[in-house]
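Presented below is the structure to which this report refers.
Both backbone and side-chain heavy atoms feed into the values below; hydrogens, waters and symmetry mates do not. In the text below, chain A, chain B and the rest are named by the order of the sequence lines, each starting its count at 1.
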2 protein chains.
Amino acid sequence: MRDFRQVAIVGAGKTAFGAFDGKDLRTLAVEAGRKALANANAAPEAIESFYLGNFAGPEFTGQNHLAPYISTALGMAGIPSTRYEAACASSGAAFFQAFFAVASGVYDVVMVAGVEKMTCQPTPRVTEILAGAGDCATEVNAGSTFPSLFAMIARRHMHDFGTKREHLAAVAVKNHSNGALNPDAQMRKTITLEQAMNGRPIAEPLTLYDCSLISDGAAAVVLCAADRAREFGAKPVKVLGVAQASDFVALDRKPDITTFPALRAAARKAYAMAGVGPKDIQFAELHDCFTIAEIVAMEDLGFIERGRGGFFSFEGGTRRDGPMPINASGGLKSKGHPVGATGAAQICDVVQQLRAEAGDRQLARHSLGLAQNLGGSGATCVVTILGVD
Amino acid sequence: MRDFRQVAIVGAGKTAFGAFDGKDLRTLAVEAGRKALANANAAPEAIESFYLGNFAGPEFTGQNHLAPYISTALGMAGIPSTRYEAACASSGAAFFQAFFAVASGVYDVVMVAGVEKMTCQPTPRVTEILAGAGDCATEVNAGSTFPSLFAMIARRHMHDFGTKREHLAAVAVKNHSNGALNPDAQMRKTITLEQAMNGRPIAEPLTLYDCSLISDGAAAVVLCAADRAREFGAKPVKVLGVAQASDFVALDRKPDITTFPALRAAARKAYAMAGVGPKDIQFAELHDCFTIAEIVAMEDLGFIERGRGGFFSFEGGTRRDGPMPINASGGLKSKGHPVGATGAAQICDVVQQLRAEAGDRQLARHSLGLAQNLGGSGATCVVTILGVD
């Protein structure tokens, strides 16, 4: 590999996440894109290439060919516009590609956006569309859905490490507590440990409160060569490391389902690139599609030793005032999870903390943060490390 | 932009195109990927990143998250694996991204694959899925399908330039004549001008013989830094220029529907990058999703002056023995059009000619060729120029 240029985020913008009858997929993406441009104080003409993360827009809405469909509406006709799909890590994957295009000198200024419009379909159909991120020939044909796959992971984690139901519930309680303070979150209400423990069963041991939300939403960032960052209006955030890795789509191909090799590989590479280790990271946005996923991620990222993630969460270690604040945004659990938007939204949330613009959720230490975006039951993972001086 | 490294294609492989009941999407992609690896004499472990072009696999087959689903089956678990979607230019877009990743030094060796499995759905559903590459809110809701959109383009071309029905038919006759000699083509039969003229009407003035096929198939290439090409087994082909451009998805947003601004922009950039002009190109694989599309493409690429493409075709100018052979493979019309595979397949077909491995279809001049891959009614276009010494 060559030496690469430094890359900065100079604009970030998100829609609120929720169920928005009046906003279609393109409206959401354009809203986020315009906010990112405004935040960067950049004209659409400044953007040289458009990277769209979207998981299943055609299945949710019928519309495909989404990248030029959106980039033209943003006033960017002409430039390369491509959609990137890697399940729920689609906009993380788009960010990964965009980063290297700028770092290697292909472009100076690009936009990464992520979008998903999910609430236009009834819940059973949403579950079916999401199941397409698993292995249809084996898992899905056998009746698996993502709640059931992550329920198996939770059960095994409990069996191997003594993780308890209340450990999972503590993740939900903490994320709801954070999301209640986030004006853009879909579910702005606190819950008690008792509520979380006694939620409606979805796939034992997971209750309704262990599962992330079905959401509409979009997020976008403007990336540029760091030596051009001063041309833009917003405080630049450095992209210190980013890595993407893959694994088998079917959970049964993993020798141990309580750890994700793609997550560990992406973390290892991103840390090496940034020249930091897990103990240096001050806060993180993790992919809590289910509460157990946040626990596995904090372990695979090295924030806590293997098997101790549940205990650490229950003891408050990941709260905003804890030693390793996780999902101060509310996470996928409370903020919402428009799947194709999630990776870009996590990056926006880390940027907000790094710029000290997180209001009531602002963390004490905010110069080095991490975002971790997962696809399927671990077949894709993207880890991004961001910092400010 | 920095100076970039030279990039070479060192492996190419395709499946036959057709309707294959016994082969699912992954089977097809793996077959093409293995052929490309074998052609390069490369192990799967040599591949550093996997670029999958696919338009609508989830809608055709239910399976999403296709890139790791396929790369793991090829023995490439771990590496970044992402799906690229840009309608029928999906694998052209994947190739474009992969090229720049190698040219700029991010990777030394990557694989680009394209796949589509279409015949598993009934024709009305196929038409509906393909229509998602148009603007659903306007065109599709008004009843448009792609045959009707290209029929409008054909009518306007006839009105503006005096293009005749027999000019369109001549494109079909020529492409069938070429495809009849291609052992991997879906429809290996010659047709007469009378047959083409009197085909079943699909969307006036287009008959059945003006429309490309509904196909299953896959294609793959191995790209590497040119200075490492000697490590691989096959004769390297140089990637001299590649460009992608975009435009509005809806046809009614184009001021003139008989020319595609994205096609012209991609051509201009690819020519500039390769340091050649249209008169230097010895042969081309063009995106003849409909006969009129081949005519528009040859004009927008500058092979022939505006409005003369139909006349030139009718006079035999694009036959294998003509001054500008087009679609010696048979094109989308006769070879088949598994949409996500088409861009990669065109590149394989150009590589085959450049290596003088095209058998009965081998062209006399074969050191500089061009591939042009179109998405929708011109909202995405990728132009690639390949050569050998």
Flag the one option from A:A77, A:A133, A:A86 with the top tally of heavy-atom pairs under 4.5 Å to chain B.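 The candidate making the most pairs under 4.5 Å is A:A133.
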Please determine, among A:G78, A:G57, A:A245, the option with the most heavy-atom pairs under 4.5 Å with chain B.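 Among the listed options, the one with the most contacts to chain B is A:G78.
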With rounding to the nearest 0.5 angstrom, report the OH to OG distance, A:Y107 to B:S104.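 The OH atom of A:Y107 sits 10.0 Å away from the OG atom of B:S104.
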Just verifying a value: how many Å separate A:T72 OG1 and B:D135 CG, rounded to the nearest 0.5 Å?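 Atom-to-atom, A:T72:OG1 and B:D135:CG are 8.5 Å apart.
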With sequence neighbours excluded, tell me which residues meet side chain to side chain contact (heavy atoms under 4.5 Å, CB included) with B:P147.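 Once residues adjacent in sequence are excluded, the partners of B:P147 under the side chain to side chain contact (heavy atoms under 4.5 Å, CB included) criterion are B:T145, B:I202, B:A203, B:F290.
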Check whether [X] gets within reach of chain A through its side chain, its backbone, both or neither, counting any heavy atom under 4.5 Å.
X	result
B:F99	neither
B:F96	side chain
B:E128	neither
B:D24	neither
B:P68	both

Chain A: which of B:A262, B:C136, B:A67, B:A265 shares the most heavy-atom pairs with it under 4.5 Å?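 The option with the most such pairs is B:C136.
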Greatest number of heavy atom pairs closer than 4.5 Å to chain A - which of B:T61, B:V140, B:I79, B:L66: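 Most heavy-atom pairs within the cutoff with chain A belong to B:I79.
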Give the table of side-chain donor-acceptor pairs shorter than 3.5 Å for residues 375-384 of chain B, with sequence neighbours excluded, one pair per line with atom names and distance.
from   : atom 1 : to    : atom 2 : distance (Å)
B:T380 : OG1    : A:H65 : NE2    : 2.8

Is there any residue in residues 250-257 of chain B with a non-hydrogen atom under 4.5 Å from a non-hydrogen atom of chain A, and which ones are they?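 Within residues 250-257 of chain B, no residue comes under 4.5 Å of chain A, counting heavy atoms only.
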Is a side-chain N or O of [X] found less than 3.5 angstrom from the main chain of [Y], in a donor-acceptor match?
X	Y	answer
A:Q244	B:P80	no
B:Q63	A:G134	yes
A:S246	B:S81	no

Is there a side-chain contact between A:F4 and B:V106, using heavy atoms and a 4.5 Å cut-off?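 Sidechains of B:V106 and A:F4: in contact.
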Check whether any side-chain heavy atom of B:F100 sits under 4.5 Å from a side-chain heavy atom of A:Q97, and report yes or no.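 No, side chains not in contact.
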Count the heavy atoms belonging to other residues, nucleotides or ligands that lie under 6.0 Å from CG of A:N141, then report whether that count exceeds 12.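 It does: A:N141 CG has more than 12 such atoms within range.
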Which pairs with one or both residues in residues 80-105 of chain A pass salt bridge (charged side-chain N to carboxylate O under 4.0 Å, His left out), sequence neighbours excluded?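 Counting only pairs at least two positions apart or across chains, the salt bridge (charged side-chain N to carboxylate O under 4.0 Å, His left out) contacts touching residues 80-105 of chain A are A:R83-B:E85, A:E85-B:R83.
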